[in-house]
Amino acid sequence: MSERKVALITGVTGQDGSYLSEFLLAKGYAVHGIIRRSSVDYRERIAHLEGQPNFHLHYGDMGDSMSILQVVSKVRPTEIYNLAAQSHVQVSFDAPEFTADVDAVGVLRILEAVRMCGLKDSCRIYQASTSELYGKVEEVPQNENTPFHPYSPYAVAKLYGFWIVKEYREAYHMYCCSGILFNHESERRGETFVTRKITLAAARIAQGKQDKLYLGNLSSLRDWGYAKDYVECMWLILQNEKPEDFVIATGEQHSVREFAYHAFKTAGIELEFRGEGMNEKGVCVAGPERLIGKTLIEVSADFYRPTDVVNLWGDPTKAKEQLGWNPTKTSFEQLVSIMVKHDMKKVAADHVASLVRTNLAEYLEKGVVK
Ligand code: NAP
Ligand code: G4F
């Protein structure tokens with residue numbers, strides 16, 4: 001492997017991109033990230049890294065081959081982590097063409113840029129693949145040999161990404177591989193994914209800022225890990241002697257209902273689930289007086305998908321044995337606790353900030369402060 005340690009991360013502003021940047025900077029890499037131009041500069045997850053001498057940002061878009069080519073030729077990376085994607089499964093039903101362009105053809109754009117820049121023998125490529133490929137699952141738990149059965153426009157697009165990476169590995173002998181990652185969450189998770197939606201709502205309900213949480217399929221099963229642990233594995237996959245694909249998961253499975261139960265409990269609210277299907281409700285049976293007996297969770301058809309993946313459970317044996325990765329560094333209970341504790345503080349801080357803003361506006365109006 002090369003002495004230069006130059007990483008290019010697409011999707012650097014996302015949950016995983018931000019943790020991976022921190023991880024690689026700590027390992028002494030020069031880290032370059034691709035960001036999209038937006039009318040509001042929303043770079044909260046990486047704001048603390050901007051200005052560091054080894055951290056550089058470049059404008060580009062996965063839908064724009066020329067911008068990708070330009071960044072790859074300028075940076076000449078030794079490792080590329082292709083994390084950029086329209087990553088929300090439900091949104092992929094509303095924006096299937098955009099999802100296909102970014103999540104499928106975007107992968108091809110990266111591979112071709114590397115070839116065109118003459119880096120095919122010196123640059124290793126990690127592709128952010130997904131357990132959604134198993135979709136309407138054909139076996140439980142899922143490992144590297146489980147057949148794929150994608151079950152959403154997102155998963156179909158990601159399947160192209162998986163196969164084109166494999167194709168370039170075989171056709172051009174490039175060092176490119178896919179991490180088949182199961183769901184991984186954190187306090188930086190996007191707020192419309194189910195775990196973060198739940199932890200934020202639990203914190204808001206506990207602090208009197210929200211009355212109720214509406215969810216979709218409560219019985220859906222996921223293998224949830226901690227994103228901070230998973231980015232280490234992305235790096236380990238690229239340090240392996242041969243380019244190979246790996247399943248990254250905890251090996252433990254929980255339902256959305258269980259996640260909600262633990263999250264609310266951490267926020268000081270005990271729930272009991274009553275009823276079934278669309279009529280199921282989460283009722284408060286212990287906790288703050290004002291909430292006892294109240295329905296805090298209801299099911300809404302708005303959060304059901306035309307086809308839903310309901311039984312994901314990964315077998316991380318290969319990653320454990322071959323890469324020495326520890327899949328249970330952070331337990332399910334610890335993950336829930338990290339997220340809820342973070343969101344309890346966030347909701348309290350947002351409340352104080354809004355009070356300060358309101359008072360400041362009043363003082364300005366009255367001329368108390370100028
Ligand atoms: P995320 O938080 O949604 O981040 C996605 C990133 O992709 C953001 O930085 C986003 O930029 C960028 N992006 C989207 N469209 C783009 C475009 N057209 N051009 C350039 N950048 C674009 O996702 P994540 O949870 O970190 O996941 C990272 C990757 O792993 C994704 O590919 C996802 O599909 C895959 N994955 C995730 C999980 C999981 O459980 N988290 C599991 C398996 C696989 P903006 O900030 O500008 O939107
Ligand atoms: O949190 P989710 O939206 O994540 P999903 O669909 O599993 O996708 C995530 O993980 C994939 C890896 O398997 C990644 F490839 C992908 O990029 C993304 O990061 O939904 C999890 C489950 C689903 O079965 C969904 O139907 O929770 C169910 N759910 C129930 N109520 C809900 C809700 N999901 C969301 N987002 N919102 C709800 O209200």
Side-chain angles (χ1 to χ4, degrees), residues 9-21 33-38 40-46 58-64 67-68 71 81-92 95 98-99 101-103 105-107 109-110 126-135 142 150-152 154-155 157-158 161 178-186 188-198 201 213-227 230-231 234 248-249 255-257 259-260 297 299-300 302-314:
I9 304 177
T10 72
V12 71
T13 55
Q15 171 190 256
D16 293 2
S18 65
Y19 284 123
L20 182 65
S21 298
I34 294 184
I35 53 167
R36 295 193 280 180
R37 142 82 192 146
S38 148
V40 270
D41 254 348
Y42 187 70
R43 310 206 287 238
E44 197 180 80
R45 295 185 181 109
I46 52 165
H58 309 263
Y59 282 106
D61 194 295
M62 294 306 290
D64 174 2
S67 67
I68 302 290
V71 176
Y81 296 86
N82 184 36
L83 310 184
Q86 190 302 94
S87 73
H88 203 286
V89 175
Q90 187 158 9
V91 172
S92 77
F98 173 73
T99 305
D101 191 38
V102 174
D103 298 12
V105 186
V107 186
R109 293 186 181 109
I110 290 283
Y126 170 88
Q127 165 59 14
S129 193
T130 166
S131 51
E132 288 290 313
L133 299 189
Y134 300 119
Q142 297 94 34
Y151 214 36
S152 65
Y154 167 81
K158 283 281 186 178
S178 295
I180 306 173
L181 269 60
F182 282 64
N183 298 54
H184 44 281
E185 318 294 314
S186 74
R188 295 187 193 167
R189 185 60 144 152
E191 297 180 7
T192 59
F193 294 96
V194 78
T195 55
R196 190 76 198 288
K197 184 173 163 183
I198 293 170
L213 167 65
Y214 293 92
L215 292 171
N217 187 358
L218 295 174
S219 300
S220 187
L221 297 162
R222 286 290 182 277
D223 179 328
W224 280 296
Y226 188 31
Y230 281 40
V231 298
M234 298 176 185
I248 307 300
S255 67
V256 170
R257 186 183 298 102
F259 192 99
I297 296 183
V299 174
S300 161
D302 287 351
F303 302 108
Y304 270 79
R305 299 169 182 182
T307 48
D308 196 14
V309 171
V310 294
N311 196 2
L312 291 180
W313 182 8

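In what follows, every heavy atom counts, from backbone to side chain, and hydrogens, waters and symmetry copies are set aside. Each ligand, and each atom within it, is numbered from 1 in the order the structure gives. These numbers come from a predicted model, not from an experiment. Along the sequence shown, residues are numbered consecutively beginning with 1.
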Side-chain donor or acceptor of [X] paired with backbone N/O of [Y] under 3.5 Å:
{"X": "Arg45", "Y": "Thr13", "answer": "yes"}
{"X": "Thr10", "Y": "Ala84", "answer": "yes"}
{"X": "Lys158", "Y": "Ser131", "answer": "no"}
{"X": "Asp61", "Y": "Gly63", "answer": "yes"}
{"X": "Ser38", "Y": "Val40", "answer": "yes"}
{"X": "Thr307", "Y": "Tyr151", "answer": "yes"}

Around [atom], find the nearest protein heavy atom and jot down its residue, atom name and distance.
{"atom": "atom 26 (O) of ligand 2", "value": "Asp308 OD2, 2.8 Å"}
{"atom": "atom 33 (C) of ligand 2", "value": "Val194 CG2, 3.5 Å"}
{"atom": "atom 20 (O) of ligand 2", "value": "Arg305 NH2, 3.4 Å"}
{"atom": "atom 10 (O) of ligand 2", "value": "Asn183 ND2, 3.0 Å"}
{"atom": "atom 31 (C) of ligand 1", "value": "Leu83 O, 3.1 Å"}
{"atom": "atom 9 (O) of ligand 1", "value": "Thr13 OG1, 2.6 Å"}
{"atom": "atom 6 (C) of ligand 1", "value": "Gly11 CA, 3.6 Å"}
{"atom": "atom 19 (N) of ligand 1", "value": "Met62 N, 2.9 Å"}
{"atom": "atom 21 (N) of ligand 1", "value": "Ala84 CB, 3.6 Å"}
{"atom": "atom 37 (C) of ligand 1", "value": "His184 CE1, 3.9 Å"}
{"atom": "atom 39 (O) of ligand 2", "value": "Lys197 NZ, 2.7 Å"}
{"atom": "atom 31 (N) of ligand 2", "value": "Gly216 N, 2.7 Å"}

Could you pull out, from [options], the option with a heavy atom nearest to [atom]?
{"atom": "atom 19 (O) of ligand 2", "options": "His184, Arg189, His88", "result": "Arg189"}
{"atom": "atom 8 (O) of ligand 2", "options": "Val89, Leu213, Leu221", "result": "Val89"}
{"atom": "atom 30 (O) of ligand 1", "options": "Gly106, Ser67, Ala128", "result": "Ala128"}
{"atom": "atom 48 (O) of ligand 1", "options": "Met234, Gln127, Arg36, Gln15", "result": "Arg36"}
{"atom": "atom 4 (O) of ligand 1", "options": "Gly14, Ala85, Ala249", "result": "Gly14"}
{"atom": "atom 27 (O) of ligand 1", "options": "Asp16, Ile35, Ile9", "result": "Asp16"}
{"atom": "atom 36 (N) of ligand 1", "options": "Tyr81, Tyr154, Phe193", "result": "Tyr154"}

Can you name the atoms of ligand 1, numbered from 1 with element, that are less than 4.0 Å from a heavy atom of [X]?
{"X": "Leu181", "value": "42 (C), 43 (C)"}
{"X": "Ser87", "value": "1 (P), 3 (O), 23 (O), 33 (C), 34 (O)"}
{"X": "Val102", "value": "15 (N), 18 (N)"}
{"X": "Asn183", "value": "40 (O)"}
{"X": "Thr130", "value": "43 (C), 44 (C)"}

Select one of side chain, backbone, both or neither to describe which atoms of [X] lie under 4.0 Å from any atom of ligand 2, heavy atoms only.
{"X": "Val256", "result": "side chain"}
{"X": "Arg222", "result": "side chain"}
{"X": "Val310", "result": "neither"}
{"X": "Arg257", "result": "neither"}
{"X": "Thr192", "result": "backbone"}
{"X": "Gln90", "result": "neither"}
{"X": "Ser220", "result": "side chain"}

Quiz item: Heavy-atom count around Tyr304 OH within 6.0 Å, excluding the residue itself: above 12?
Solution: yes

Numbered atoms of ligand 2 (with element) below 4.0 Å of [X], judged on heavy atoms:
{"X": "Val309", "answer": "24 (O)"}
{"X": "Ser87", "answer": "16 (C), 17 (O), 18 (C)"}
{"X": "Leu312", "answer": "13 (O)"}

Quiz item: Contact between Ile34 and ligand 1, counting heavy atoms under 4.0 Å?
Solution: no

Which one holds for [X] and ligand 1: side chain close, backbone close, both close, or neither close, with close meaning a heavy atom under 4.0 Å?
{"X": "Asp61", "result": "both"}
{"X": "His88", "result": "neither"}
{"X": "Ser129", "result": "backbone"}
{"X": "Arg189", "result": "side chain"}

Could you tell me if [Y] and [X] have a donor-acceptor pair between their side chains, going purely by distance under 3.5 Å?
{"X": "Gln127", "Y": "Asn82", "answer": "yes"}
{"X": "Arg257", "Y": "Ser219", "answer": "yes"}
{"X": "Arg189", "Y": "Thr195", "answer": "no"}
{"X": "Ser92", "Y": "Gln86", "answer": "no"}

Quiz item: Less than 6.0 Å separating the ring centroids of Phe193 and His88?
Solution: yes

Heteroatom distance test ([X], ligand 2): nitrogen or oxygen, under 3.5 angstrom:
{"X": "Phe303", "result": "no"}
{"X": "Leu215", "result": "no"}
{"X": "Thr195", "result": "no"}

Self-check item: Closest heavy-atom pair and its distance - Asp223, Ala249
Solution: OD2-CB, 3.4 Å

Exercise. Please confirm whether Tyr154 comes under 4.0 Å of ligand 2, counting heavy atoms of the residue only.
Key: yes

Self-check item: Ring-face cation of Arg188 near Tyr19 (centre distance under 6.0 Å, axis angle within 45°)
Solution: yes

Quiz item: If you draw the axis of the six-membered ring of Phe303, does the NZ or CZ of Lys197 fall within 45° of it and under 6.0 Å from the ring centre?
Solution: yes

Quiz item: Can a salt bridge be assigned to the pair Asp101 and Arg109 using a cut-off of 4.0 Å between side-chain N and carboxylate O?
Solution: yes

Quiz item: Under the side chain to side chain contact (heavy atoms under 4.5 Å, CB included) test, which residues partner Tyr59, sequence neighbours left out?
Solution: Ile35, Arg37, Arg43

Quiz item: Just distances here: any N/O of Lys158 and N/O of ligand 1 closer than 3.5 Å?
Solution: yes

